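Notes to accompany the following structure.
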Amino acid sequence: MKNKPVSPTVTISGLLRKLVSIGKLSESTASDIAEKAKQNNQPLVTTLIEQKILSSLELAMLSSEAFGIPFLDLKSIHPDYFPKNNLNEKIIKTYHGLPLYKRGNRLYVAISDPTNISAIDEFRFSTGLSIEAILVEDYLLFQYIESLLSSSESQSFSGLEDTDLDSLDISNIDEDNGPAPTLAGSSEADDAPIVRFVNKILLDAINKGASDIHFEPYEKFYRIRYRQDGILSEISTPPVNIGSRLCARLKVMSKLDISERRIPQDGRFKMNISKNRSIDFRVSTCPTLFGEKAVMRILDPANAKLGIDVLGYEEKQKEDFLYAIHRPQGMVLVTGPTGSGKTISLYTALNILNTNAVNISTAEDPVEINLPGINQVNVNPKAGLSFSAALKSFLRQDPDIVMVGEIRDLETAEIAVKAAQTGHMVLSTLHTNSAPETIMRLMNMGIQAFNLATSVILVVAQRLGRKLCSNCKEPLSIPQEALLQGGFKQEELEGLILYGPKGCDQCNQGYKGRVGLYEVLPISKEIAKIIMKNGSAIDIAHQMEQEGFITLRRAGLNKVKLGLTSLAEINRVTKD
């Protein structure tokens with residue numbers, strides 16, 4: 001019987017040609033196998049086994065003999081011994097090859113098709129190592145690869161079934177009320193495991209009291225970190241190959257263009273956890289060397305309603321602060337580095353002042369927490385809506401209280417000062433290290449000393465320090481010399497007990513929560529005279545000490561004496 005003619009569209013080569021030459025296949029059968037493999041888009045080896053032409057073991061043994069490649073029983077190697085640093089899941093899945101072990105600069109890779117040159121080349125290129133091919137049975141290779149990939153993903157998504165993550169309501173916040181950006185490729189981002197994994201990360205962050213979430217891609221790994229109590233800590237290392245899908249999901253949630261990966265983007269969304277509680281997330285993406293990094297700021301409206309009593313003010317400081325914000329006019333400034341709690345302080349003040357009897361307007365970049373009853377404006381410099389432009393508009397709308405997110409330039413500072421001098425209460429922030437330096441910063445901007453002395457009524461400098469965990473904090477023995485050098489007075493040392501962190505399952509390295517440290521400076525007549533004479537920050541600080549006002553350092557030491565935090569933590573946040 002004559003062989004069936006070979007299909008002109010299929011070329012018999014590689015493994016099939018070798019099997020034909022040694023008499024294991026006819027050319028017509030080889031042609032059929034090649035055509036089926038092409039139609040099903042699967043490896044030739046898998047097709048040969050599925051057609052029951054050769055068993056997996058028989059095919060591997062024949063291939064090993066014909067091509068001179070050593071054969072190995074894959075069952076003899078436990079997956080725990082695989083070289084983890086060389087397990088690139090994308091290459092493994094795409095090229096059907098599996099690194100087995102590494103010896104020196106040589107990596108041994110299991111394949112089931114002896115002509116799978118592309119797998120060898122890809123592993124050589126990605127690892128920079130010399131690659132040695134090992135023939136194994138196809139079905140075992142398939143099982144090991146599937147097990148590796150599924151276990152990797154299950155580790156990343158473990159625990160998802162414990163929470164009803166599908167019921168979370170995610171809604172976009174479209175501040176411009178315009179059409180949504182193009183969401184090309186969003187089907188990839190809507191992958192159910194990815195959606196549930198992201199929801200799990202967000203819920204855990206909220207439950208742990210995190211303020212920020214970082215999604216960070218690197219060459220060999222991917223990590224997710226929470227900022228808890230001001231300190232970043234790693235909480236998950238999902239497979240590096242799902243990094244782009246995680247970022248795409250975050251972009252879809254934030255109404256960003258997932259097809260644009262070359263420039264930074266900013267967005268936000270709201271997560272409705274229950275009927276009575278929703279959390280806002282501010283999202284920022286930035287292209288890095290190995291993919292897009294995404295950082296999420298968690299904005300909990302409940303934080304704006306904490307009340308002044310829980311913020312950490314000393315009693316006299318609280319009285320000065322409340323007296324200042326209730327005055328009919330003037331400027332109250334809150335200063336400190338990024339992440340020092342300035343926004344919460346301002347929102348707390350606004351929450352206290354927010355009544356039906358006053359008109360309150362705010363200009364922020366961006367609006368972080370929505371407060372009903374307050375007119376909040378998102379500044380948009382690209383559209384011409386700067387802080388100064390918003391402030392000018394406010395003054396034409398019969399305001400009583402105005403809040404400016406930050407005084408960044410001379411124009412904004414001048415308008416804010418004029419507003420404070422003409423019957424308005426102005427609240428704002430600056431980035432300075434202490435209360436006396438704030439006055440100098442405004443003078444260096446170009447504000448005249450007379451205008452400062454007659455408009456600024458209170459300056460608050462602040463920091464946030466981590467609170468010791470009440471469950472596990474332990475007494476410390478610190479030499480008196482170290483305590484005196486740290487700022488304690490000799491008379492304070494009698495019976496003084498200081499505590500330090502220990503760590504337990506209820507805290508984060510011995511700390512849980514944060515407490516505010518404040519330097520509250522009312523502009524007294526004497527300090528106003530120093531400002532009028534163009535005095536320095538040192539002169540103001542000296543007068544502040546003369547009048548008995550508490551500095552940041554002293555506020556921190558008071559918290560240490562109360563056992564709320566440790567001396568090491570105060571040293572960290574109040575370094576000169």
Side-chain angles (χ1 to χ4, degrees), residues 306-336 340-353 420 425-430 432-439 452-453 455-465 467 486-494 496 498 513-531 535 537-565 567 569-570 573-574 576:
L306 291 175
I308 193 168
D309 291 324
V310 299
L311 293 184
Y313 283 98
E314 305 277 342
E315 194 60 35
K316 179 64 168 60
Q317 292 178 331
K318 184 175 74 171
E319 291 176 5
D320 290 336
F321 183 74
L322 290 174
Y323 174 73
I325 65 174
H326 280 101
R327 289 175 64 174
Q329 68 180 56
M331 183 185 294
V332 174
L333 296 172
V334 181
T335 77
S340 60
K342 300 187 298 296
T343 300
I344 296 300
S345 291
L346 287 180
Y347 276 121
T348 300
L350 291 176
N351 207 48
I352 293 171
L353 298 171
M425 170 54 62
V426 179
L427 308 175
S428 190
T429 71
L430 278 169
T432 55
N433 292 325
S434 67
E437 289 176 27
T438 303
I439 303 297
L452 280 179
S455 61
V456 179
I457 60 174
L458 184 81
V459 181
V460 178
Q462 67 180 73
R463 301 288 189 276
L464 287 177
K467 291 175 68 174
F488 286 105
K489 298 175 184 177
Q490 183 66 49
E491 58 268 23
E492 293 178 299
L493 301 184
E494 184 70 29
L496 180 64
L498 302 188
R514 289 198 282 181
V515 63
L517 313 176
Y518 301 93
E519 183 177 270
V520 178
L521 175 61
I523 305 301
S524 64
K525 290 182 179 179
E526 293 302 319
I527 292 177
K529 288 178 182 179
I530 294 173
I531 296 172
I538 296 175
D539 296 329
I540 297 174
H542 180 70
Q543 182 61 34
M544 181 180 176
E545 185 178 348
Q546 292 291 318
E547 296 185 24
F549 295 123
I550 298 173
T551 64
L552 274 171
R553 181 69 182 180
R554 171 47 56 181
L557 294 178
N558 288 346
K559 298 296 189 296
V560 173
K561 287 168 59 179
L562 293 172
L564 293 175
T565 188
L567 184 59
E569 179 65 8
I570 295 305
V573 298
T574 62
D576 295 328

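It should be emphasised that the depicted structure is a prediction, and the values quoted were computed from it without experimental measurement.
Residues Leu521 and Gln543 fail the side-chain proximity criterion, which asks for heavy atoms closer than 4.5 Å. With a 4.5 Å cut-off on side-chain heavy atoms, Val332 and Met425 count as touching. Looking at heavy atoms from C-beta onward, Ser434 lies in side-chain contact with Glu519 at the 4.5 angstrom threshold. Considering only heavy atoms from C-beta on, Ile540 stays 4.5 Å or farther from Glu437 through its side chain. Residues Ile352 and Thr348 are in side-chain contact: their nearest non-hydrogen atoms beyond the backbone lie under 4.5 Å apart. Tyr313 places none of its side-chain heavy atoms less than 4.5 Å from the side chain of Leu322. Here the side chains of Leu458 and Phe321 are in contact, with some heavy-atom distance below 4.5 Å.
With sequence neighbours excluded, the residues that form a side-chain contact (heavy atoms from CB on, under 4.5 Å) with Leu464 are Arg514. Evaluation of the side chain to side chain donor-acceptor pair (under 3.5 Å) rule for Thr565 yields no partner, not counting sequence neighbours.
In the displayed structure, Glu492 atom CD is contacted under 6.0 Å by more than 12 heavy atoms of other residues, nucleotides or ligands. Other residues, nucleotides and ligands contribute more than 12 heavy atoms inside 6.0 Å of the NE2 atom of His326. Within 6.0 Å of CD1 in Ile538 there are 12 or fewer heavy atoms belonging to other residues, nucleotides or ligands.
Not a single donor-acceptor pair under 3.5 Å links the side chain of Arg463 to the backbone N or O of Arg553. A side-chain donor-acceptor contact under 3.5 Å links Gln462 to the backbone of Gly341. For Lys559 (side chain) and Leu517 (main-chain N/O), no donor-acceptor pair under 3.5 Å exists by modelled atom type. With hydrogens and angles disregarded, a donor-acceptor distance shorter than 3.5 Å links the side chain of Tyr518 to the backbone of Leu311.
Across all their heavy atoms, Asn433 and Ala461 have their closest contact at O-CB, 4.5 Å. Considering all non-hydrogen atoms of both residues, Leu427 and Ala349 come closest at CD1-CB, 4.2 Å. Nearest heavy-atom pair, Pro436 versus Ala537, reported as atom, atom and distance to 0.1 Å: CB-O, 3.5 Å. Nearest heavy-atom pair across Leu430 and Lys342 is O-CD, 3.9 Å.
Checked for salt-bridge contact, Lys316 and Glu547 miss the test: no charged N lies under 4.0 Å from a carboxylate O. A salt bridge does not link Lys489 to Glu494: none of the charged side-chain nitrogens sits closer than 4.0 Å to a carboxylate oxygen.
A distance of 9.5 Å separates CD1 of Ile457 from CG of Leu333, quoted to the nearest 0.5 Å. Atom CG of residue Leu496 and atom CD of residue Glu491 lie 12.0 Å apart, to the nearest 0.5 angstrom. Atom CG of Asp539 sits about 13.0 Å away from atom CD1 of Ile439, to the nearest 0.5 Å. Here the CD1-CD1 distance, from Ile325 to Ile308, works out to 6.0 Å after rounding to the nearest 0.5 Å. The structure places CD of Gln546 at 11.0 Å from CD1 of Ile527, a figure rounded to the nearest 0.5 Å. Note that OG of Ser524 and CE of Met544 are 10.5 Å apart. Values are rounded to the nearest 0.5 Å.
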